[in-house]
Amino acid sequence: MNHILEFCRPYLQDRDITSQLLSRFDNDFFNPVKIIAEQTRQTERNIQRKQKEQFGYSLKELNRYNRFLKAIQLIEEETEKQNQVKWFTIIDECGYYDQSQLIHDFKHFINTSPAQYLKFQQEICNPKSK
């Protein structure tokens, strides 16, 4: 165990108070960057920079990913029930502006379109009984 810890030591970083606050922030209704900037008397831009530096992603990227996961979850729920997927309902419930934004996220995260993903779900994961 000590050998593993010694090997990892150069890759581990101490977290400052800002990073600790960001990692523990658990409130979907408030902007964590704005709240933590006020608490620590730093600029919002500085908090955003520290977020990206310490965690490897921005809060905007995290929100985008969570929105995409919610869309996937809704699609899977509909396919399990063998219902037709209502794309505009998914767009609305997940907070997408339009269909092209949903398609763009599918291409970004899994390199496929929503229709191709749905076809894959129906053929491989949830085949209809014949």
Do side-chain atoms of [X] reach the backbone of [Y] as a donor and acceptor pair under 3.5 angstrom?
| X | Y | answer |
| --- | --- | --- |
| Gln51 | Tyr57 | yes |
| Glu61 | Ser58 | yes |
| Gln54 | Lys50 | no |

Table please: side-chain donor-acceptor pairs of residues 106-116 below 3.5 Å, with sequence neighbours left out.
{"unit_1": "Thr112", "atom_1": "OG1", "unit_2": "Gln116", "atom_2": "OE1", "d": "2.8"}
{"unit_1": "Ser113", "atom_1": "OG", "unit_2": "Gln116", "atom_2": "N", "d": "3.1"}
{"unit_1": "Ser113", "atom_1": "OG", "unit_2": "Gln116", "atom_2": "OE1", "d": "3.4"}
{"unit_1": "Gln116", "atom_1": "OE1", "unit_2": "Ser113", "atom_2": "N", "d": "2.9"}

Test log, rule side-chain contact (heavy atoms from CB on, under 4.5 Å), inputs Asn66 and Lys70:
CA-CA 6 Å; Asn66 287 333; Lys70 184 176 179 181; over 6 Å; no
May I ask you to decide whether Glu53 forms a salt bridge with Arg49, counting only side-chain N to carboxylate O separations under 4.0 Å?
yes
Is there side-chain contact between [X] and [Y], with at least one heavy-atom pair below 4.5 Å?
| X | Y | value |
| --- | --- | --- |
| Ile90 | Lys86 | no |
| Ile75 | Glu78 | no |
| Leu59 | Gln48 | no |
| Phe68 | Cys94 | no |
| Ile91 | Asp98 | no |

Quick one, Tyr96 with Phe88, criterion side-chain contact (heavy atoms from CB on, under 4.5 Å). Give me CA distance, side-chain angles, the key distance, then yes/no.
CA-CA 9 Å; Tyr96 285 103; Phe88 290 107; over 6 Å; no
Would one find more than 12 heavy atoms of other residues, nucleotides or ligands at under 6.0 Å from atom NZ of Lys52?
yes
